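Here's the structure we're looking at; comments come further down.
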There are 2 protein chains.
Amino acid sequence: MLGARGLLRALRSCSTVSCPRPRASVKLSVRDALRSHGALGERVKVQGWIRSTRSQKEVLFLHINDGSSLESLQVVADSSFDNRELTFGSSVEVQGQLVKSPAKRQNVELKAEKIEVIGNCDAKAFPIKYKEKHPLEYLRQYPHLRCRTNVLGSILRVRSEATAAIHSFFKDSGFVHIHTPIITSNDCEGAGELFCVEPLSKINVPKGKFFDVPAFLTVSGQLHLEVMAGAFTQVFTFGPTFRAENSQSRRHLAEFYMVEAEISFVETLQDLMQVMEELFKTTTTMILSNCPEDVELCHKYIDPGQKDRLEHMLKNNFLTISYTEAVEILKQASQNFTFTPEWGADLQTEHEKYLVQHCGNIPVFIINYPRALKPFYMRDNEDGPQHTVAAVDLLVPGVGELFGGSLREERYHFLEQQLARSGLTEAYQWYLDLRQFGSVPHGGFGMGFERYLQCILGIANIKDVIPFPRFTHSCLL
Amino acid sequence: MLGARGLLRALRSCSTVSCPRPRASVKLSVRDALRSHGALGERVKVQGWIRSTRSQKEVLFLHINDGSSLESLQVVADSSFDNRELTFGSSVEVQGQLVKSPAKRQNVELKAEKIEVIGNCDAKAFPIKYKEKHPLEYLRQYPHLRCRTNVLGSILRVRSEATAAIHSFFKDSGFVHIHTPIITSNDCEGAGELFCVEPLSKINVPKGKFFDVPAFLTVSGQLHLEVMAGAFTQVFTFGPTFRAENSQSRRHLAEFYMVEAEISFVETLQDLMQVMEELFKTTTTMILSNCPEDVELCHKYIDPGQKDRLEHMLKNNFLTISYTEAVEILKQASQNFTFTPEWGADLQTEHEKYLVQHCGNIPVFIINYPRALKPFYMRDNEDGPQHTVAAVDLLVPGVGELFGGSLREERYHFLEQQLARSGLTEAYQWYLDLRQFGSVPHGGFGMGFERYLQCILGIANIKDVIPFPRFTHSCLL
């Protein structure tokens, strides 16, 4: 198989030399057919699923979609082609000529010479109904079929583009990609929310003896990335992470994706924040440029104000305030909070919301959190009675916390004390080793990938931006 | 942070205008410093780890590596800079001028004006010893430090390049990337080798009640990709898969990565085989072009014949023989096998090895396996008494099975019968649905990513091509 581009090239090169007719039709994706301005008049073959049918007296119109783009290809056929099996959802192969379309909304249409139904679709049984705009909640019941709707098609194409954009951002910036492990014996962070892993069969290996140590699903690749930052300076990972949270929230999943980066020889939070802002803006700009129709559909279908909000985020510099300043802002707010803001307490969702609004709906970095709120590996700011660590969260409109990061404690004795205080010295000897052999100042961050998609597309429920959502009481397919 | 390329651009643009001196040094990666032919004489700052030191009467030589390339940057300093802390493994920051090197092996060296030790390294305690070539087996004991050796550095940079090359191959061919789920309730394939997943804490959710159904780690994304191929035509996934195999083999891990693709409207195995061969050749060519030194080091260090074997694979068309032909070849072989070759029995490792040699060490597709050997979803060839399915494996020299794939049974009634025979009808109702609504002929394949790396680099043990290997009795870090 040549792949879509190769096929288009083949078709184009053929159209410049004299080809004896008739000859076999060249197979084209809908996307390439729609873009084939130079190939009008060529005989082509297009395969896909019927998205709409309209039968006039002498003409039959079909719209064929194959997932290569949001837009479908209009097929125009003599009414003699009409057939009871040409229904919404059925799969077809159409051969014919690409011609200039008289319609305003498209450049190209396919004048059918042959239409073959490949697999029919029983409209009564099919849970997706012709011309209905099903709510996202309804579609969630059909994880094996919902990708056939326009809206899920667009979301998942954007997800694919975002994945590619993130990989290329890091590659272009000189980062080495690392597959951090999914199964891990690190068990100290968020212990209450861990999933543990055991072989199903106890026949060959007794319980707890497969790995000889308790094994869990990773909650973050950070510590493993720190290992690699000690050799490659700039590293990133982009993979699944897990929380056994008993939550039905619109912002949480049991299985979700994180983009994590770790950078050596970094001495200030500002250096990290610059990479986070660049990652957000470069990736988003790339998506808007590569699949504008898909993004537009989401903005229109889900949340009409989202386009402007996103542009506002992209054209402004992100803001920075310290945790201490944030608490002051909250204390002076006229709004009544359920949780009274107080120095030393975690920021709640209501606080995050207020802070972002207060900052004019521009993403805002909150830096330097109380040490007592943060894990052992964050770098001590040594700043007297208040005692903060060099941590940073990025809050964005609509979603709240999108990134979290910190400088890591690279000083052997500081880290040793922190581990001793938490009773972790033995388990983290290897982590201390990294500080014993050529330690360097370093830091990193993680971005929740689904929250990022929610943020750019304006989608309220995280279950709609992942192909197969996993959460309490649900693991469909 | 500008990223390495941005910094180099900044340095270059600065070198074309008149900059008053002295000014702040521009930070460069070792890779960019080595390539900065146009920037000789510029003041730069390089940070990394000392890979070697040599002290002469009046001159001190250091080699600095920061993981951006296999090659280190030579630093030349006045002997007054010599310092007991400038040891192998310690981290340093060097400022100075990039100058043309008189040495044959490098173009550029850094004339030091300032050397600062950032983190020292106790040579006695450091398990990696100066100037020693540690066996890969020895290094496996130190998963947190082995990435600091040349050979693991090269392997992991190749792994990162291969990841990028695979993503770009599929993107350029019009495939949509899908994150298939890690936790799944599908339990029917390879049931004996599944890992099951449970929340660690039983406080909030009673045993077995988190997802309400038994949940496992995925063994393949295929079935979920088939869902997506029903909307996007061409899809791929590239993520972790799991087997609870009690194995210490050099070809197996409990956690490994698979590249899987699924393509709709595909009617022959040959169409799939063409994509597999293109994937192998395009990706390999891209890696050889993007990190030739890293590949060369592996070939030299591990297996001197591998370079020629790989070129042989790349320049020849892959071969195809049927399973039935393969059994005939084995039966006629003069070699004595431990397992007697017989139609209807699985091909063993010794058989695979013989077949590849028989084919002149060119990768060979084996097609059309007995139905009884293969899972329910493979397409029935309806070929009479022998009864085969449209399955394909690709065997490659040194590694054996690298790809496995098949056409899928897209015919509702064939699949229904197969499910009924296996007692799976209820569990796979959703999978049958895909055949009820616009079914299309389709097929796909999976490639073991670690085996691919073994194959191109000539590395015998799979544990050396993954950052953190997981296998029975081992889950370090």
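Owing to the predicted nature of the structure, the values given are computational and were not obtained by experimental measurement. Note on naming: letters A, B, ... go to the chains in the order of the sequence lines (proteins, then strands), and numbering restarts at 1 for each one.
- A tilted orientation is assigned to the rings of W49(A) and F265(B), their planes being inclined by 30° to 60°.
- Interface remark: P240(A) contributes side-chain atoms only to the contact with chain B (heavy atom separation under 4.5 Å).
- Under the 30°/60° scheme for interplanar angles, the aromatic rings of H224(A) and F468(B) are found to stand perpendicular.
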**OP:** Carefully, step by step, assess I183(A) and F242(B) under the rule side chain to side chain contact (heavy atoms under 4.5 Å, CB included).
**Re:** CA-CA 10 Å; I183(A) 301 176; F242(B) 305 85; 3.8 Å; yes
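- At a 4.5 Å heavy-atom cutoff, V235(A) makes no contact with chain B through either its backbone or its side chain.
- Contacts between A254(B) and chain A at a heavy-atom distance below 4.5 Å involve the side chain alone, from C-beta outward.
- Only the backbone of S474(B) comes within contact range of chain A, with at least one heavy atom under 4.5 Å from a heavy atom of that chain.
- Proximity to chain B involves both the backbone and the side chain of H179(A), based on heavy atoms less than 4.5 angstrom apart.
- Neither the backbone nor the side chain of E410(B) comes within less than 4.5 Å of any heavy atom in chain A.
- I182(B) and E255(A) make their closest contact through N-OE2, 2.8 Å (heavy atoms, listed as atom of the first residue, atom of the second, distance).
- Contact annotation for F238(B): only side-chain heavy atoms (C-beta onward) come within less than 4.5 Å of a heavy atom of chain A.
- I466(A) does not touch chain B: none of its heavy atoms, backbone or side chain, sits under 4.5 Å away.
- Neither the backbone nor the side chain of Y412(A) comes within less than 4.5 Å of any heavy atom of chain B.
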